[in-house]
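Remarks on the structure that follows.
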Amino acid sequence: EDKVVQSPLSLVVHEGDTVTLNCSYEVTNFRSLLWYKQEKKAPTFLFMLTSSGIEKKSGRLSSILDKKELFSILNITATQTGDSAVYLCAVEKGALNFGKGTSLLVTP
Amino acid sequence: DTEVTQTPKHLVMGMTNKKSLKCEQHMGHRAMYWYKQKAKKPPELMFVYSYEKLSINESVPSRFSPECPNSSLLNLHLHALQPEDSALYLCASSHRDRDTGELFFGEGSRLTVL
């Protein structure tokens with residue numbers, strides 16, 4: 001059975017800290033891995049990763065995929081209170097199969 | 001602003017009611033999805049339509065009936081629901097289902113079943 005496992009499930013940090021969120025997967029016929037941020041409503045797209053070892057970067061956020069070890073990380077540097085959200089990892093296989101998410105709280 | 005529009009934003013219904021959730025996108029996407037999300041849980045896939053044909057049904061009970069009248073519209077017809085069906089129902093679209101890529105989500109319809 002396909003699995004997408006995120007860790008930690010929740011995290012509390014202070015503004016300015018750097019955080020690393022983890023996503024491991026066991027999926028047959030893997031195509032891509034995506035990261036989404038969800039606040040109160042719909043998930044919003046962050047990154048799509050298809051190739052191993054190539055870092056994708058957007059401002060303070062970056063992500064990388066390791067297809068040999070079957071995991072991805074999402075890094076957020078210099079965290080701000082607006083980064084507080086649930087971060088969802090999903091593996092694409094006809095549709096997106098989501099992990100349980102990491103709930104991040106950034107305190108002032 | 002999201003380019004996937006869902007209506008209504010909130011819906012309260014009794015167990016004997018019949019109602020529908022609607023979703024619309026004008027991005028030319030040929031794959032559309034329904035997800036169900038309970039509180040503090042990730043979205044769970046319900047249905048996938050590809051080129052207006054149902055391609056994935058994740059063993060969803062028949063009290064949920066999807067319909068794709070055309071490439072821009074996706075409906076979810078609801079009948080004889082149970083209180084445990086209360087959830088946020090998210091519609092999404094993507095360019096095509098065989099190479100899904102990024103899903104664009106609507107803001108969801110929050111359903112309460114009394």
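- A:Gln6 does not touch chain B: none of its heavy atoms, backbone or side chain, sits under 4.5 Å away.
- One finds a salt bridge joining B:Arg30 and B:Glu52 here, because a Lys/Arg side-chain nitrogen approaches an Asp/Glu carboxylate oxygen to under 4.0 Å.
- Only the side chain of A:Tyr36 comes within less than 4.5 Å of a heavy atom in chain B; its backbone stays farther off.
- A donor-acceptor pair under 3.5 Å links the side-chain atoms of A:Ser52 to the main chain of A:Lys67, judged by distance alone.
- Ion pairing of B:Glu44 with B:Lys36 is absent here, as no side-chain N (NZ or NE/NH1/NH2) approaches a carboxylate O to less than 4.0 Å.
- With A:Arg60 as the fixed residue, the side chain to side chain donor-acceptor pair (under 3.5 Å) test singles out one of A:Thr77, A:Thr79, A:Thr18, A:Asp83: A:Asp83.
- The candidate with the highest count of non-hydrogen atom pairs below 4.5 Å against chain B, out of A:Ser103, A:Ala90, A:Ala42, is A:Ala42.
- Only the side chain of B:Gln37 comes within contact range of chain A, with heavy atoms under 4.5 Å apart.
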